[in-house]
Amino acid sequence: MRTINEALALIKKQDLDTAVTYNFIRGLMKENRIRHFRSGSRYILNFDDLLTALKMD
């Protein structure tokens, strides 16, 4: 489980030239392709779902 910014930082650590953005991840969450929940003002997402959605695993 990661915040959007933490997940994005991990992806950028693996690939500095990634085209994945904060808004792209939010869009995947909006389409319910990634399990997530809200904690206060932060969105917490399932990082494994994100990798599956990106077909990176």
Do the side chains of Ile34 and Phe37 join up, straight or via other hydrophobic residues, at under 4.5 Å, putting them in one cluster?
no

Test of understanding: clusters of I, L, V, M, F, W, Y form through side-chain heavy atoms closer than 4.5 Å, transitively. Do Ile11 and Ile44 belong to the same one?
no

Has Arg2 got a side-chain atom pairing as donor or acceptor with Ile4's backbone, closer than 3.5 angstrom?
no

Ser39 (side chain) donor-acceptor with Arg42 (main chain) under 3.5 angstrom
no

For residues 7-22, pull every pair meeting salt bridge (charged side-chain N to carboxylate O under 4.0 Å, His left out), keeping only residues two or more places apart or in separate chains.
none

Return each pair, listed once, that meets side chain to side chain donor-acceptor pair (under 3.5 Å) where at least one residue sits in residues 18-36; pairs must be two or more places apart or across chains.
Arg35-Asp49

In the single-linkage hydrophobic clustering (I, L, V, M, F, W, Y; side-chain heavy atoms under 4.5 Å), do Phe47 and Met1 co-cluster?
no

Identify whether Leu28 and Leu8 are in the same connected component of the hydrophobic contact network (ILVMFWY, side-chain heavy atoms under 4.5 Å).
yes

Within the 4.5 Å heavy-atom criterion, are Phe24 and Leu54 side-chain neighbours or not?
yes

